[in-house]
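First the proteins, then the strands, lettered A, B, ... as listed; each starts at 1. In what follows, every heavy atom counts, from backbone to side chain, and hydrogens, waters and symmetry copies are set aside.
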2 protein chains.
Amino acid sequence: MDSTRNTIQRDIVLTMVRSMTDHPSADAVYAKIHGEYPSISRATVYRNLEYLSRSGQILHVEMPNGADCYDFNTSDHCHIRCEKCKKVFDISVPFSTRILENKTDPDGFLITKCNVTFTGICPACSGVSEGGACNE
Amino acid sequence: MDSTRNTIQRDIVLTMVRSMTDHPSADAVYAKIHGEYPSISRATVYRNLEYLSRSGQILHVEMPNGADCYDFNTSDHCHIRCEKCKKVFDISVPFSTRILENKTDPDGFLITKCNVTFTGICPACSGVSEGGACNE
DNA sequence: ATACATGCAAACACTTTGCAGCACA
DNA sequence: TGTGCTGCAAAGTGTTTGCATGTAT
């Protein structure tokens with residue numbers, strides 16, 4: 001982090017992510033911001049999401065097969081995407097995803113980051129008739 | 001799997017993936033095929049990689065932050081991408097990535113798939129001077 | 001004053017899709 | 001002989017970047 005300038009836009013992005021508890025994608029954050037502040041550009045939102053996650057103020061959740069999302073909750077936890085409603089939820093797993101970080105594995109790899117994500121069916125969608133989904 | 005037709009193109013894609021041991025991206029598979037068989041289209045390669053992984057003949061490795069890759073080795077194992085040389089390697093972890101699959105977690109999620117990937121520095125790149133990389 | 005940040009639009013990387021024609025079972 | 005597959009090109013999705021201008025320190 002070599003930049004330290006506090007801009008109105010950066011503050012708005014941080015505030016917006018903190019107000020969204022549904023693991024929004026970068027574009028969802030942009031859309032919400034754009035509704036209130038139409039002059040803020042998509043590039044600025046993307047750049048600030050990157051800055052804020054790098055500086056540890058928000059969590060950047062890298063999702064395979066789909067847009068990455070952002071989480072105001074920076075604590076160590078995992079995520080699951082529902083196959084039906086496509087929403088992302090927190091999930092608790094019986095191990096830390098970070099146990100292996102900054103360790104060297106038997107083959108000589110230095111592990112710097114561990115990414116664990118799940119796919120499944122959320123409680124609201126399970127039991128719903130084929131093709132249906134939770135309140136879409 | 002409802003399609004069962006064996007085409008020359010499908011066979012070429014399977015053979016090519018089996019000959020590549022470096023976890024190629026779809027585009028890398030296409031590039032190699034295109035060198036030998038210029039008439040095979042990118043779409044066909046992508047469609048067959050999808051088909052072959054769905055039918056269990058190859059492994060589709062979903063990588064966050066970059067192109068997905070394919071693995072001739074369909075056994076249960078994890079992958080790590082080197083931050084410096086960007087290559088993908090197999091890695092062994094002290095747990096099965098599939099232990100949680102087809103289980104219901106305490107919050108009522110049915111877990112269908114578990115994706116575990118690592119980022120780090122490969123043995124060839126560690127110890128190399130800043131900015132350097134393994135034989136680039 | 002000046003280096004960092006912004007807005008815009010275009011470019012980028014990766015993948016999917018519509019469609020007309022082809023070929024495997 | 002028909003439906004599944006192919007090649008082509010275009011579109012789709014998500015994200016980054018070059019550049020001129022603006023602004024926080």
Side-chain angles (χ1 to χ4, degrees), chain A residues 1-17 23-55 57-58 60-71 79 81 86-88 115 117, chain B residues 1-17 23-55 57-58 60-70 81 86-88 115 117:
Chain A
M1 286 313 84
D2 40 13
S3 70
T4 44
R5 194 166 290 185
N6 293 318
T7 61
I8 292 165
Q9 291 88 340
R10 179 165 295 172
D11 194 57
I12 287 170
V13 172
L14 178 56
T15 302
M16 198 57 87
V17 171
H23 305 90
S25 64
D27 229 61
V29 175
Y30 167 70
K32 187 129 183 256
I33 287 175
H34 189 73
E36 276 186 59
Y37 311 91
S39 65
I40 296 183
S41 75
R42 177 179 262 101
T44 294
V45 172
Y46 273 82
R47 282 188 280 234
N48 278 309
L49 287 170
E50 152 98 15
Y51 170 82
L52 291 166
S53 58
R54 274 187 187 278
S55 66
Q57 299 175 262
I58 62 177
H60 178 188
V61 183
E62 301 177 5
M63 301 296 291
N65 261 346
D68 290 0
C69 64
Y70 293 85
D71 196 334
H79 297 88
R81 171 182 282 144
K86 310 294 181 195
K87 291 175 189 154
V88 175
N115 180 300
T117 55
Chain B
M1 284 314 82
D2 40 13
S3 71
T4 45
R5 195 165 289 186
N6 293 319
T7 61
I8 292 165
Q9 291 88 339
R10 179 164 297 171
D11 193 56
I12 287 169
V13 173
L14 178 56
T15 302
M16 198 57 85
V17 171
H23 305 90
S25 64
D27 229 59
V29 175
Y30 167 71
K32 188 130 182 253
I33 288 176
H34 190 73
E36 276 186 58
Y37 311 91
S39 66
I40 296 181
S41 75
R42 177 180 263 100
T44 294
V45 172
Y46 273 81
R47 281 188 283 234
N48 278 309
L49 287 170
E50 153 97 16
Y51 170 82
L52 292 167
S53 58
R54 275 189 186 279
S55 66
Q57 299 175 261
I58 62 176
H60 179 188
V61 184
E62 300 177 7
M63 300 296 291
N65 262 345
D68 290 359
C69 63
Y70 293 85
R81 170 182 283 143
K86 309 296 181 194
K87 292 176 189 157
V88 175
N115 180 299
T117 55

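- Per the geometry, CD belonging to A/Glu50 stands 16 Å off P belonging to C/dC4, to the nearest Å.
- As a whole-Å value, the separation of B/Arg5 CZ from D/dG4 P is 7 Å.
- If you take CD1 of A/Ile12 and C1' of C/dG7, they are 14 Å apart, rounded to a whole angstrom.
- At least one side-chain nitrogen or oxygen of B/Thr7 sits closer than 4.0 Å to the OP1 or OP2 atom of D/dT6.
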Which is it for A/Leu52 and A/Val13 under the side-chain contact (heavy atoms from CB on, under 4.5 Å) test, yes or no, and what are the steps along the way?
-> CA-CA 9 Å; A/Leu52 291 166; A/Val13 172; 3.8 Å; yes
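- Rounded to whole Å, atom C1' of D/dT23 lies 9 Å from atom CD of A/Gln9.
- A/Arg10 places a side-chain N or O within donor-acceptor distance of the main-chain N or O of A/Arg5, the cut-off being under 3.5 Å.
- The distance from atom OG of A/Ser39 to atom CD1 of A/Ile33, rounded to the nearest 0.5 Å, is 11.0 Å.
- With rounding to whole Å, A/Asn6 atom CG is found 16 Å from D/dT23 atom P.
- Nearer the 5' end of DNA chain C, as judged by each residue's closest nucleotide, is the contact made by A/Asn65, out of A/Asn65 and B/Ile8.
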A/Tyr70/A/His23 under side-chain contact (heavy atoms from CB on, under 4.5 Å): CA gap, chis, key distance, verdict | CA-CA 5 Å; A/Tyr70 293 85; A/His23 305 90; over 6 Å; no
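- Looking at residues 33-49 of chain B, you'll see B/Arg42, B/Ala43, B/Tyr46, B/Arg47 sit with a heavy atom under 4.0 Å from some atom of DNA chain C.
- Annotation: ring pair (Phe, Tyr, Trp, His ring centres under 6.0 Å) contacts of A/Tyr46 (sequence neighbours excluded): none.
- Note: CG (B/Asp68) to C1' (C/dC14) measures 9 Å, nearest angstrom.
- Here the C1' atom of nucleotide C/dT6 and the CG atom of A/Asp11 are 16 Å apart, to the nearest Å.
- Between the B/Asn115 side chain and the B/Glu62 main chain, a donor and an acceptor come within less than 3.5 Å of each other.
- Counting to the nearest Å, the C1' atom of C/dA23 and the CZ atom of B/Arg10 are 13 Å from each other.
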